[in-house]
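See below for the structure under consideration.
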2 protein chains.
Amino acid sequence: MPTYLHKLLRMRLEGKEVVSTTELADYMNIELIVVRKDIMLTGVSGRRRVGYDINDLINHIMSFLGWEQTIRATLIGAGALGAALLGYDDFSRYGLLIESVFDCDSSKIGQEIRGHEIYDIATIRTRLKLARPDIAIICVPNLSAQLVADQVISLGIRYIWNFANVCLQVPENVIVQREVIAGGLAMLSVKMKYDRNQLADARALEAES
Amino acid sequence: MPTYLHKLLRMRLEGKEVVSTTELADYMNIELIVVRKDIMLTGVSGRRRVGYDINDLINHIMSFLGWEQTIRATLIGAGALGAALLGYDDFSRYGLLIESVFDCDSSKIGQEIRGHEIYDIATIRTRLKLARPDIAIICVPNLSAQLVADQVISLGIRYIWNFANVCLQVPENVIVQREVIAGGLAMLSVKMKYDRNQLADARALEAES
DNA sequence: GGCTAATAGATATTTTTTTCTCTTTTGGCA
DNA sequence: TGCCAAAAGAGAAAAAAATATCTATTAGCC
């Protein structure tokens with residue numbers, strides 16, 4: 001969905017007004033029917049022989065994803081990954097607003113990254129008690145992640161986007177979305193292994209004949 | 001799979017020798033049966049009433065993922081995200097070796113990040129012609145990504161891990177693994193929307209009665 | 001020694017997802 | 001005006017994934 005959205009936003013900038021599933025499928029190198037099913041999920045309806053109104057589609061996808069109203073977030077851990085997220089411009093378009101950034105490294109506290117001042121993690125309770133964000137983004141080292149999670153949960157935050165490489169243990173009413181960086185690498189390696197095996201098989205067959 | 005692996009490596013460090021699916025399922029907060037099916041995919045066999053030998057399982061997962069032999073990579077784009085990947089220690093354990101780093105920003109060229117010297121992207125052809133890496137990791141801005149992809153493909157690289165927010169157009173024999181940063185956010189927002197709706201429904205029902 | 005419960009392993013069932021096929025609409029073109 | 005082809009839309013079939021159920025083994029305990 002985010003990929004469709006990104007593409008559609010760009011197409012709108014280019015002045016286009018309608019788009020067909022064929023066009024999107026070509027761009028994404030996937031089957032036409034997959035795109036159509038995805039689009040149907042959003043509940044939008046198009047015009048036969050023409051396609052979908054781009055604005056319409058954008059609105060429906062935004063609404064489907066719940067990105068119409070701003071999602072207020074706090075980022076915990078301003079290391080390399082945290083900084084990368086702060087630098088990810090598209091978030092603002094997706095309705096994600098990182099309102100505060102915390103770290104425990106005294107050399108970082110008080111500094112600014114991309115216009116965000118970094119606060120001392122020790123002050124998180126007082127700072128977030130009132131302005132409670134919707135989600136917490138955890139970008140701290142693996143060993144601290146559970147501790148940080150416990151803290152934000154105790155502040156009443158119920159949605160966590162976790163970039164640390166651990167499975168957080170949380171109460172039932174808390175939802176964690178875990179990002180496994182190595183997941184993509186795993187996918188690629190498996191495809192790579194498979195692809196190379198196929199190549200080797202093909203060569204062996206050729207040599208035989 | 002990477003998550004199992006990570007957990008298992010840590011358990012091995014803690015001196016454990018066997019593990020049961022129950023244990024892994026508890027840790028990951030997923031169904032026992034899912035874990036068992038995943039493990040069966042790797043072809044390992046365990047001992048009833050005991051569990052799996054951790055070393056055995058690690059080896060089988062590594063082999064399943066094709067992580068036994070080192071994957072040699074070049075990283076293109078040393079921005080915040082590229083730097084974050086360079087700082088991701090686990091890659092070395094997963095057999096990923098980032099051999100070279102390229103950027104086009106003259107203020108970065110010649111600098112070092114985490115022990116990796118940053119080379120001028122203009123020199124990529126001469127540098128990679130001989131020591132051809134297995135994969136290219138693309139961390140450049142969206143607008144440059146296709147250009148960079150074309151370049152590495154022309155160098156004979158056939159596997160690409162793409163962190164840019166575009167769908168690369170590549171020849172048939174090239175495999176691209178695309179990482180959609182906002183994908184996790186989309187998942188979380190949808191879960192969040194759903195969760196909040198349920199909560200609201202429950203409250204309405206309560207108020208009624 | 002025999003019972004019990006924990007665990008792997010195999011098979012069956014259900015559900016979900018993916019894929020295919022057919023239908024309907026309609027803009028463009030001759 | 002009427003045909004054609006490109007597109008959405010709906011429904012069916014096939015495939016895959018998730019889940020449940022059953023069986024076999026065996027360590028630990030009484």
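Not measured: the values here are computed from a predicted model. Residue numbers begin at 1 in each chain, while the letters A, B, ... track the order of the sequences. Values below: every heavy atom of this structure, side chains too, minus hydrogens, waters and symmetry copies.
- In this structure, A:L41 atom CG and D:dG9 atom P are separated by 13 Å, rounded to whole Å.
- A:Y159 and A:W161 have their aromatic ring centers separated by at least 6.0 angstrom.
- As judged by a 4.0 angstrom heavy-atom cut-off over every strand, B:R47 is placed among residues touching the sugar-phosphate backbone only.
- Nearest nucleotide to the side chain of A:M40, out of C:dA8, C:dG9, D:dA10: D:dA10.
- The distance between atom CG of B:D38 and atom C1' of D:dT19, rounded to the nearest whole Å, is 13 Å.
- We find that CZ of A:R36 is positioned 16 Å from P of C:dT23, with the value rounded to whole Å.
- Both the sub-6.0 Å distance and the 45° axial angle are satisfied by A:R127 relative to the ring of A:Y119.
- Here the side chain of A:V34 is nearest to one of C:dT19, D:dA7, C:dG9, namely C:dT19.
- Toward the 5' end of DNA chain D, the nearer of the two residues A:V44 and B:V50, judged by each one's closest nucleotide, is A:V44.
- B:V176 and B:L168 make their closest contact through CG1-CD1, 4.3 Å (heavy atoms, listed as atom of the first residue, atom of the second, distance).
- Note: OH (A:Y52) to P (D:dA7) measures 12 Å, nearest angstrom.
- Which of C:dT19, C:dA8, D:dT21 sits closest to the side chain of A:I33 comes down to C:dT19.
- Taking only distance into account, the side chain of A:R49 never meets the base of C:dT25 through a donor-acceptor pair shorter than 3.5 Å.
- Across the protein-nucleic acid pair, B:L24 atom CG and C:dA6 atom C1' stand 15 Å apart, rounded to whole Å.
- For B:K37 against C:dT11, a side-chain N or O and a base N or O form a donor-acceptor pair under 3.5 Å.
- The nearest whole Å value for the distance from the CG atom in B:L57 to the P atom in C:dA8 is 10 Å.
- Each of C:dG27, C:dG9, D:dA7 was ranked by its minimum atom distance to the side chain of A:T22; first place goes to D:dA7.
- Checked against the 6.0 Å centroid threshold, B:F91 and B:Y88 count as a close aromatic pair.
- In this structure, B:L32 places its CG atom 15 Å from P of D:dA18, rounding to the nearest Å.
- A sub-4.0 Å separation between OP1 or OP2 of D:dA8 and a side-chain N or O of A:T21 is present.
- A cation-pi arrangement, defined by a distance under 6.0 Å to the six-membered ring centre and an angle within 45 degrees of its axis, is absent between A:K108 and A:F102.
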